Amino acid sequence: MFNRLANMLETLDPIHKFYWLIGGVAALLLIASVIGWVLQHRLDKKKNPSEKSQKLIINLIARVNAWWVMVAILVVAFLVGKLGTIILFGFISYFALREFMTLTPTRAGDHRTLSLAFFLLIPLHYYLIYTDWYGLFSVLIPVYAFLLMPSISVLAQDTEHFLERAAKIQWGVMIAIYCISHAPALLLLPITNFEGQNTLLLFYFLLIVQLSDVLQYVFGNLFGKTKVAPIVSPNKTLEGLIGGGFSTILVGAGLWWITPFTPLQSAGMAAVIVTMGFLGGLVMSAIKRSLGAKDWGNMIEGHGGMLDRMDSVSFAAPIFFHLVRYYFTP
């Protein structure tokens with residue numbers, strides 16, 4: 001029966017695969033919403049519920065509600081097509097960079113450089129994805145922008161903490177624009193025997209990286225005892241990483257039918273995404289702690305800021321992109 005279902009799913013055309021995928025995600029969110037409602041109902045009946053239980057359930061409901069909105073936005077963008085998806089990620093990079101720069105104060109001498117990043121680099125970089133110009137896409141920021149940005153800042157002749165300021169801007173541009181943009185850049189890959197289905201691969205990547213975060217959070221709250229890096233990220237536990245990561249890998253293997261991978265390859269790719277996403281979350285948490293902040297912002301209720309949702313994506317997207325490009329394109 002499983003083989004019959006697998007063969008049926010594999011032979012579906014891309015749009016019907018997309019509908020099946022969206023249906024599955026919607027079903028999971030519906031189950032999560034019902035669980036949140038039941039837990040809240042039980043909590044309301046208790047006379048003296050613990051503060052920890054209240055915070056956990058409120059946070060869970062807020063996260064699920066935010067996910068309904070985020071999934072709806074993603075679905076609309078994907079249905080609009082390549083242009084809609086690229087525009088969506090352009091705005092994601094804009095808000096992520098704004099949050100990064102808000103927490104890392106700059107000086108007047110950096111304003112022209114920041115204007116260059118927000119109003120030239122973001123649209124130009126995503127335009128290169130839209131036109132399938134991989135050669136320039138791959139070097140625009142790490143070569144040309146990295147040399148140009150400090151050159152513009154130095155013209156203001158403000159040398160106070162110049163290296164520190166230049167490094168902050170370059171790091172923000174690298175994470176918020178270059179790294180995140182490798183997710184929609186999956187649309188430009190000419191994958192063998194996978195023509196017209198790159199949108200499904202992008203959805204696979206986003207689903208795996210975000211599901212990993214959610215399942216690590218759930219397993220960590222249910223079974224977490226061993227802190228991985230308590231100073232950097234007190235909520236990340238070894239039990240959450242193992243339980244959430246292994247569960248996500250199983251889901252990734254089960255979603256092979258929307259990818260150019262075999263089930264085993266899909267599991268391996270999911271493992272890479274889980275690992276890099278976990279490391280991305282740790283690194284970005286360390287930056288927040290060094291700046292004395294809990295979240296990058298408050299744009300998404302229950303999730304913090306845009307960069308709080310994209311921290312895992314920023315590390316996982318470039319690695320996943322280049323693995324696919326190296327092994328699955330001509």
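Owing to the predicted nature of the structure, the values given are computational and were not obtained by experimental measurement.
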Residues Arg98, Phe118; criterion side chain to side chain contact (heavy atoms under 4.5 Å, CB included); working and verdict: CA-CA 8 Å; Arg98 188 178 70 170; Phe118 279 104; 4.1 Å; yes
Kindly write out the residues that satisfy side chain to side chain contact (heavy atoms under 4.5 Å, CB included) with [X], not counting sequence neighbours, or none if the list is empty.
X      : answer
Val143 : Val139
Ile231 : none
Ser115 : Phe119
Leu128 : Trp133, Leu136, Phe137, Leu140

Mind checking the [atom1]-[atom2] spacing from [X] to [Y]? Nearest 0.5 Å is all I need.
X      : Y      : atom1 : atom2 : result
Asp308 : Lys288 : CG    : NZ    : 4.0 Å
Ile249 : Ile273 : CD1   : CD1   : 10.0 Å
Phe219 : Thr248 : CZ    : OG1   : 8.5 Å
Lys227 : Asn235 : NZ    : CG    : 6.0 Å
Met101 : Thr106 : CE    : OG1   : 7.5 Å

Enclosure of Leu155 CG (heavy-atom neighbours >12, cutoff 6.0 Å): yes
Atom CD of Gln157 with >12 non-hydrogen neighbours under 6.0 angstrom: no
Going by atom type alone, with no hydrogens or angles, which donor-acceptor pairs under 3.5 Å involve a side-chain atom of residues 314-322 and a protein atom two or more places apart or on another chain?
{"residue": "Ser314", "atom": "OG", "partner": "Asp311", "partner atom": "O", "Å": "2.7"}

Could you tell me if the side chain of [Y] sits less than 4.5 Å from the side chain of [X], heavy atoms only?
X      : Y      : value
Arg289 : Met284 : no
Val324 : Phe328 : yes
Pro260 : Thr192 : no
Gln216 : Val274 : yes
Arg325 : Tyr134 : yes
Leu21  : Leu255 : yes
Lys236 : Phe278 : yes

Looking at every non-hydrogen atom in both residues, tell me the closest pair between [X] and [Y] and how far apart they are.
X      : Y      : result
Gly90  : Ile122 : O-CG2, 3.7 Å
Ala229 : Leu282 : CB-CD2, 4.0 Å
Pro190 : Pro330 : O-CD, 3.1 Å
Ala270 : Gly252 : CB-CA, 4.0 Å
Ser290 : Ile287 : OG-O, 2.6 Å

Is it true that [X] and [Y] fall in one hydrophobic cluster, defined by side-chain heavy atoms closer than 4.5 Å?
X      : Y      : value
Leu88  : Phe91  : yes
Ile191 : Tyr326 : yes
Val76  : Leu79  : no
Tyr19  : Val25  : yes
Leu83  : Val75  : yes

Output a table of donor-acceptor pairs, distance under 3.5 Å, between side-chain atoms of residues 165-184 and any protein atom two or more places apart or on a different chain; print 'none' if there are none.
{"residue": "Arg165", "atom": "NE", "partner": "Asp110", "partner atom": "OD1", "Å": "3.4"}
{"residue": "Arg165", "atom": "NE", "partner": "Asp110", "partner atom": "OD2", "Å": "2.9"}
{"residue": "Arg165", "atom": "NH1", "partner": "Asp158", "partner atom": "O", "Å": "3.0"}
{"residue": "Arg165", "atom": "NH1", "partner": "Glu160", "partner atom": "O", "Å": "2.6"}
{"residue": "Arg165", "atom": "NH2", "partner": "Asp110", "partner atom": "OD1", "Å": "3.0"}
{"residue": "Lys168", "atom": "NZ", "partner": "Glu164", "partner atom": "OE2", "Å": "3.2"}
{"residue": "Gln170", "atom": "NE2", "partner": "Phe146", "partner atom": "O", "Å": "2.8"}
{"residue": "Tyr178", "atom": "OH", "partner": "Ser138", "partner atom": "O", "Å": "2.8"}
{"residue": "Ser181", "atom": "OG", "partner": "His125", "partner atom": "NE2", "Å": "2.9"}
{"residue": "Ser181", "atom": "OG", "partner": "Ile177", "partner atom": "O", "Å": "3.0"}
{"residue": "Ser181", "atom": "OG", "partner": "Tyr178", "partner atom": "O", "Å": "2.7"}
{"residue": "His182", "atom": "ND1", "partner": "Tyr178", "partner atom": "O", "Å": "2.8"}

Pair Asp213-Tyr217, side chain to side chain contact (heavy atoms under 4.5 Å, CB included): steps then yes or no: CA-CA 6 Å; Asp213 285 350; Tyr217 173 80; over 6 Å; no
Verdict with reasoning, Tyr126 to Tyr130, per side chain to side chain contact (heavy atoms under 4.5 Å, CB included): CA-CA 6 Å; Tyr126 281 94; Tyr130 181 70; over 6 Å; no
Any pair counted as ring-ring contact (aromatic ring centres under 6.0 Å, His included), so long as it reaches residues 230-249, sequence neighbours left out: none
Ignoring hydrogens and angles, tell me if any N or O in the side chain of [X] forms a donor-acceptor pair with the backbone of [Y] under 3.5 Å.
X      : Y      : value
Gln210 : Arg309 : yes
Glu239 : Thr226 : yes
Thr259 : Trp256 : yes

Sequence-distant partners of Lys82, salt bridge (Lys or Arg N to Asp or Glu O under 4.0 Å), two or more places apart: Asp132
Side-chain donor-acceptor contacts of residues 26-36 below 3.5 Å, not counting sequence neighbours, with atom names and distances?
{"residue": "Ser33", "atom": "OG", "partner": "Leu29", "partner atom": "O", "Å": "2.9"}
{"residue": "Ser33", "atom": "OG", "partner": "Trp68", "partner atom": "NE1", "Å": "2.8"}

Residues forming a side chain to side chain donor-acceptor pair (under 3.5 Å) with Thr113, sequence neighbours excluded: Ser153
Sequence-distant partners of Phe162, ring-ring contact (aromatic ring centres under 6.0 Å, His included), two or more places apart: none
Can I get a per-line list of side-chain donor-acceptor pairs under 3.5 Å for residues 197-209, giving both atom names and the distance, sequence neighbours left out?
{"residue": "Gln197", "atom": "OE1", "partner": "Lys17", "partner atom": "NZ", "Å": "3.2"}
{"residue": "Asn198", "atom": "ND2", "partner": "Leu186", "partner atom": "O", "Å": "2.8"}
{"residue": "Asn198", "atom": "ND2", "partner": "Leu189", "partner atom": "O", "Å": "2.7"}
{"residue": "Tyr204", "atom": "OH", "partner": "Ser266", "partner atom": "O", "Å": "2.9"}
{"residue": "Tyr204", "atom": "OH", "partner": "Ser266", "partner atom": "OG", "Å": "3.1"}

